[in-house]
2 protein chains.
Amino acid sequence: MLAAERHAIILERLDQKPTVSIRALTEQLGVSRETVRKDIELLAQHNKLEKIRGGATKIRTSELPITSRSKLNIQGKSLIAQYLASQIPNGASLFLDNGSSVLALAKALTHHSGLIVYTNDLKVAEVIAQATVELVIIGGKVDVTEMAVQGVEALESVARYRADFAVVSAGGLSPSAFLTDFSREASSMRHLMLSQAQHPIMLADSEKFGVVGHVVFKAPPKPTRIVTDIAPDDEIRRAISQRGYRLDIASEA
Amino acid sequence: MLAAERHAIILERLDQKPTVSIRALTEQLGVSRETVRKDIELLAQHNKLEKIRGGATKIRTSELPITSRSKLNIQGKSLIAQYLASQIPNGASLFLDNGSSVLALAKALTHHSGLIVYTNDLKVAEVIAQATVELVIIGGKVDVTEMAVQGVEALESVARYRADFAVVSAGGLSPSAFLTDFSREASSMRHLMLSQAQHPIMLADSEKFGVVGHVVFKAPPKPTRIVTDIAPDDEIRRAISQRGYRLDIASEA
DNA sequence: CGTTACTTTGCAAAAGTTGGCAAACAAAAT
DNA sequence: ATTTTGTTTGCCAACTTTTGCAAAGTAACG
């Protein structure tokens with residue numbers, strides 16, 4: 001049994017259950033307790049899981065790494081992506097922040113042409129490159145778990161540009177806390193992008209409804225449209241309209 | 001059993017499972033452990049699979065779309081990469097510019113840890129991310145054909161950092177024109193990186209010998225080491241030593 | 001002959017195992 | 001509640017096995 005196989009199995013177990021025990025893995029993998037411990041230690045260092053006494057559990061800090069998180073509500077995200085892509089003309093300039101919803105949009109935009117794109121997400125850059133006439137990477141320190149650039153240096157760079165559109169994603173959308181996020185730095189980035197664009201757009205697929213992140217999102221500029229895949233409940237709708245934002249539902253287009 | 005058959009079988013196994021072990025293959029192919037190892041080694045060099053301890057796995061990222069020239073002299077580039085990787089300690093800081101030689105180095109560095117990396121190449125960033133404690137992307141306009149950031153804005157960013165090592169690649173190395181490049185912008189970037197590092201290193205695999213690009217490379221800072229895979233001819237050696245640079249040949253290490 | 005392809009051998013490094021012990025935890029007893 | 005007791009777990013060190021790598025050897029082929 002190769003080390004890589006064991007690692008794959010451990011992570012697979014964690015996709016199904018929230019936790020795995022070292023004891024169980026020892027039997028199922030047919031290796032010693034210490035080996036399983038070392039595997040978990042290694043995976044924990046790579047942020048693939050979290051080490052707990054006697055076993056391991058899924059990552060819970062902030063958001064899940066992009067690979068697993070992006071499995072959530074794929075249809076919803078791509079519905080939003082198709083909807084928005086049809087509204088963005090060839091040759092438009094746009095800010096794209098990081099996140100799986102935005103990545104879905106980038107994929108939907110691959111057949112556009114002449115776009116001018118500013119992004120801090122390396123995956124987004126990779127995907128959208130062919131559709132651009134100008135692609136600008138926001139420079140700075142990279143958050144390796146997200147493969148996205150964050151931090152003050154990145155903010156300074158963003159401040160140097162303006163664009164027709166800014167498309168950013170929300171960490172959570174709830175009636176009481178309204179828009180929230182899981183990272184201070186990502187939140188600042190998103191807010192600045194919105195401010196620098198003529199048409200600021202915030203994505204919140206239905207997975208985000210009722211989710212409250214630990215960072216409150218500073219009120220976005222007023223023309224910001226909040227785009228969802230399906231209609232949220234009345235409480236959320238009220239929260240949005242009371243604050244003066246426009247709600248846009250992709251499935252009703 | 002022909003070598004080509006074995007290769008086909010190995011790749012077929014990998015289509016079904018995510019990993020194969022050398023042990024299993026030795027039995028199924030009826031050849032020795034070493035032969036299987038060499039098969040895997042060969043396939044890995046051609047980016048058909050990824051070598052892991054005890055076996056092989058599928059290629060993970062969508063790294064396949066590489067520019068035509070990166071297929072040239074794969075062995076040479078990886079020889080240089082292995083040689084340099086052994087000289088770079090864990091925790092070192094380094095500039096990495098864009099180019100297939102540097103990408104090969106990045107791959108060779110994936111098992112290092114604690115690196116601090118500044119790069120303008122998106123593929124390099126993707127490959128080396130796991131080995132870094134800090135990864136900084138140089139921001140600016142992306143040259144889509146290279147997936148690398150170039151331009152004045154990028155130069156300004158690089159100027160803000162210093163590092164232990166700078167590893168950049170040469171476009172050409174000839175007796176008369178000496179170091180040359182094919183892009184003005186890339187050339188400036190490489191030169192600046194070399195100037196900002198304590199140990200500047202220039203890569204020129206044997207494919208570059210005798211090649212003259214249309215941009216003359218401004219004389220690099222003096223401690224710059226020029227690293228090649230095999231010994232260049234006497235004329236080139238003379239050109240290097242006359243100008244006061246040190247030549248380092250990976251195959252003679 | 002030399003060349004090519006594979007095997008064998010030897011050794012160092014890495015991965016994995018085993019066993020011991022102390023800390024953490026849980027249950028029972030005071 | 002607090003202590004006691006027993007079990008589990010984490011961690012370390014010594015040991016064994018596996019693997020990678022290089023060098024030398026062997027066999028087939030032109």
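Note on naming: letters A, B, ... go to the chains in the order of the sequence lines (proteins, then strands), and numbering restarts at 1 for each one. Quick caveat, the model's predicted, so the values are computed rather than measured.
- In this model, no donor atom of one side chain and acceptor atom of the other lie less than 3.5 Å apart for A/Gln28 and A/Arg23.
- The CZ atom of B/Arg6 sits 12 Å away from the C1' atom of C/dT4 (whole-angstrom rounding).
- At a cut-off of 3.5 angstrom, counting only N and O atoms as typed in the model, there is a donor on one side and an acceptor on the other between the side-chain of A/Arg33 and the base of D/dG10.
- Taking 4.0 angstrom as the limit, A/Thr35 places none of its side-chain polar atoms (N or O) nearer than this to OP1 or OP2 of C/dG16.
- Rounding to whole angstrom units, CG of residue B/Leu79 and C1' of D/dC21 are separated by 15 Å.
- Geometrically, A/Arg190 does not engage A/Phe217 in a cation-pi contact defined by less than 6.0 Å to the ring centre and at most 45° from the axis.
- Around the CZ atom of A/Arg184, the shell of radius 6.0 Å holds no more than 12 heavy atoms that belong to other residues, nucleotides or ligands.
- Protein atom CG of B/Leu25 is 12 Å distant from nucleotide atom P of D/dT19, rounded to whole Å.
- In the set C/dC6, C/dT17, C/dC25, C/dC6 carries the atom at the smallest distance from any side-chain atom of B/Val31.
- Of the candidate nucleotides D/dC21, D/dC12, C/dC6, D/dC12 has the atom lying nearest to any side-chain atom of A/Glu34.
- Under 4.0 angstrom from either OP1 or OP2 of D/dC21 there lies at least one side-chain N or O belonging to B/Lys51.
- Here the P atom of nucleotide D/dT9 and the CZ atom of A/Arg37 are 12 Å apart, to the nearest Å.
- Looking at heavy-atom distances under 4.0 Å, A/Leu42 makes no contact with the nucleic acid at all.
- Rounded to whole Å, the distance from NZ on B/Lys38 to P on D/dG20 is 13 Å.
- Look at CE on A/Met1: it is 17 Å from P on C/dA15, rounded to the nearest Å.
- A side-chain N or O of B/Asp229 and one of B/Ser206 form a donor-acceptor pair less than 3.5 Å apart.
- Within 4.0 Å of A/Ile40, counting heavy atoms only, lies no atom of the nucleic acid at all.
- The listed nucleotides are D/dT18, D/dT8, C/dT8; the one nearest the side chain of B/Arg23 is D/dT18.
- Rounded to an integer number of Å, the gap from CG of B/Leu2 to C1' of C/dA5 is 10 Å.
- Between the side chains of B/Asp143 and B/Thr145, at least one donor N or O lies within less than 3.5 Å of an accepting N or O.
- The CZ-C1' distance, from A/Arg53 to C/dA22, rounds to 11 Å in whole Å.
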